[in-house]
There are 2 protein chains.
Amino acid sequence: MKSKQEEIIDIAAGLFHEYGFKGTTLQMIAQKMNMEAPSLYNHINSKDQILSEILLPVAKAFMTKMDQISSSQVSALDKLERLISFHVSLSREKPHHMALMIHDWHYLKEKEKEAFIAHRNTYEDKFVAIIQRSVENGQIRDLDVCIILFNLLTTLRSMYAFVLRYKDYNTIDLEENIKNVLLNGIKKDSHGLGTSMG
Amino acid sequence: MKSKQEEIIDIAAGLFHEYGFKGTTLQMIAQKMNMEAPSLYNHINSKDQILSEILLPVAKAFMTKMDQISSSQVSALDKLERLISFHVSLSREKPHHMALMIHDWHYLKEKEKEAFIAHRNTYEDKFVAIIQRSVENGQIRDLDVCIILFNLLTTLRSMYAFVLRYKDYNTIDLEENIKNVLLNGIKKDSHGLGTSMG
DNA sequence: GTCTATAATGAGATAGAC
DNA sequence: GTCTATCTCATTATAGAC
């Protein structure tokens, strides 16, 4: 059973995604909640708070998962695969939240925005470290790390759009197909350069 | 020599990208133009018009280029490479315009929005056709076309962010590195499955 | 073509009855 | 907890002097 605040937040996420944070009014949210706009204030403190409640928990979820993966003993390539899986799951569970992570974080208030950016930078740094490690141990090709990070992250960050467009796409297939496209582009032994050629 | 309208449009593009269309006020634009907000109306008709003047010409440029490439006699894979090059050039020339193509097209007025969406759909359809053709002629692997389109387009559409972040990155290197990452992931003979193996 | 002054509108938020 | 009425403020846009 969802609290009314959680209901508001989920409905707001969908509207923010469709119309943008500034393009969504409290009236629009209230209408979907079957109440008048001022009644929302019995459950929330401000419109800004709604955005924070959408974005910060997701940002924290990313950090928690990244720390878990990053500190584990599996190979760097396994870590990349687990990160891909995580992005796919989250995108399926909360596609609108994920969309807002890209499109509307800028509207966070100063303090929350700083926290959000700090989280995101840390996340990227750890992501880069894993890429670098997997280049060093020969699991992926020695390409420019910026380019690899860019290709991986932009694809993963846009996943919400894919799952919304192809709602019936099997989750496991999606995960495997994305891994295939992304990793076979950077895995050394996919390029006729691996030891299996000898 | 840029007309004052063009100046306004370019300045607005940068601000719209940084603060969002709704998050940017005419005052902010006017300030960067060293004038008062009402003076802008000597050069533009409305705030909405500025957005249209940013997005619609770019949308048309994409269509023109796509038609040119699509109707040419080069191989399907060559067509994909040319599309990648085009995305990279445009992203370098007008990164803010490109960002708005993704983030703020929703704020177009009804008529312009419809035109924009129609353009984009046609563009995607033609993109898919080229991917399909290059699967048929054996130039790229027989993966799910949706996934290939998704991976290519999201990476290309996010390119603006890369060029803004790494301003000194050599354009030719960027183009080649992106092609390498994207295409070697989908080219059949990169995966030990090509005829060169026999 | 630019300015100041000023509409006209719409949004977030509060007060207070029920 | 929900409502109606209202406040306050920002923003787009116009009017009219210079």
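Excluded from the calculations below are hydrogen atoms, water molecules and symmetry mates; all remaining heavy atoms, backbone and side chain alike, are included. Proteins get letters first, then strands, A, B, ... in listed order; numbering begins at 1 in each.
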Could you pull out all residues at least two apart from [X] that satisfy side chain to side chain donor-acceptor pair (under 3.5 Å)?
X       : answer
E112(A) : none
E176(A) : none
D173(B) : none
K79(A)  : none

_Report for the helix from dG1(C)-dC18(D) to dC18(C)-dG1(D): angle between first-end and last-end helix axes, five pairs each, rounded to 10 degrees._
0°
_Reading DNA chain C from 5' onward, which residue's closest nucleotide shows up sooner: K4(B) or P38(B)?_
K4(B)
*asked:* A quick test of your reading: do over 12 heavy atoms of other residues, nucleotides or ligands sit less than 6.0 Å from NZ of K32(A)?
replied: no
*asked:* For chain A and DNA chain C, what are the first and last nucleotides along the strand, 5' to 3', with at least one atom under 4.0 angstrom from a heavy atom of the protein chain?
replied: dA11(C) to dT14(C)
*ring-ring contact (aromatic ring centres under 6.0 Å, His included) with Y41(B): which residues, sequence neighbours excluded?*
none
*Please name all residues satisfying ring-ring contact (aromatic ring centres under 6.0 Å, His included) with F162(B), sequence neighbours left out, ordered by chain then number.*
F150(A), Y166(B), Y169(B)
*So W105(B) and F116(B), would you call those rings parallel, tilted or perpendicular, with 30° and 60° as cut-offs?*
parallel
*Tell me, which of residues 40-49 of chain A have any heavy atom that sits under 4.0 Å from an atom in DNA chain C?*
Y41(A), S46(A), K47(A)
*Contacting residues from residues 10-35 of chain B, given that a heavy atom lies under 4.0 angstrom of DNA chain C*: M35(B)
*Give, for atom NE2 of H106(B) and atom CG of D104(B), the distance between the pair rounded to the nearest 0.5 Å.*
10.5 Å
*If you look only at pairs with a residue in residues 2-29 of chain A, which of them pass as a side-chain hydrogen bond (donor to acceptor under 3.5 Å, both in side chains), with sequence neighbours excluded?*
K2(A)-D10(A), S3(A)-E6(A), H17(A)-H96(A)
*Please list all pairs passing the side-chain hydrogen bond (donor to acceptor under 3.5 Å, both in side chains) test where one or both residues lie in residues 123-135 of chain A, with sequence neighbours left out.*
D67(A)-K126(A), H87(A)-Y123(A), E124(A)-R157(A), E124(A)-R165(B)
_Six-ring centre of Y107(B), K47(B) cation under 6.0 angstrom, axis tolerance 45°_ = no
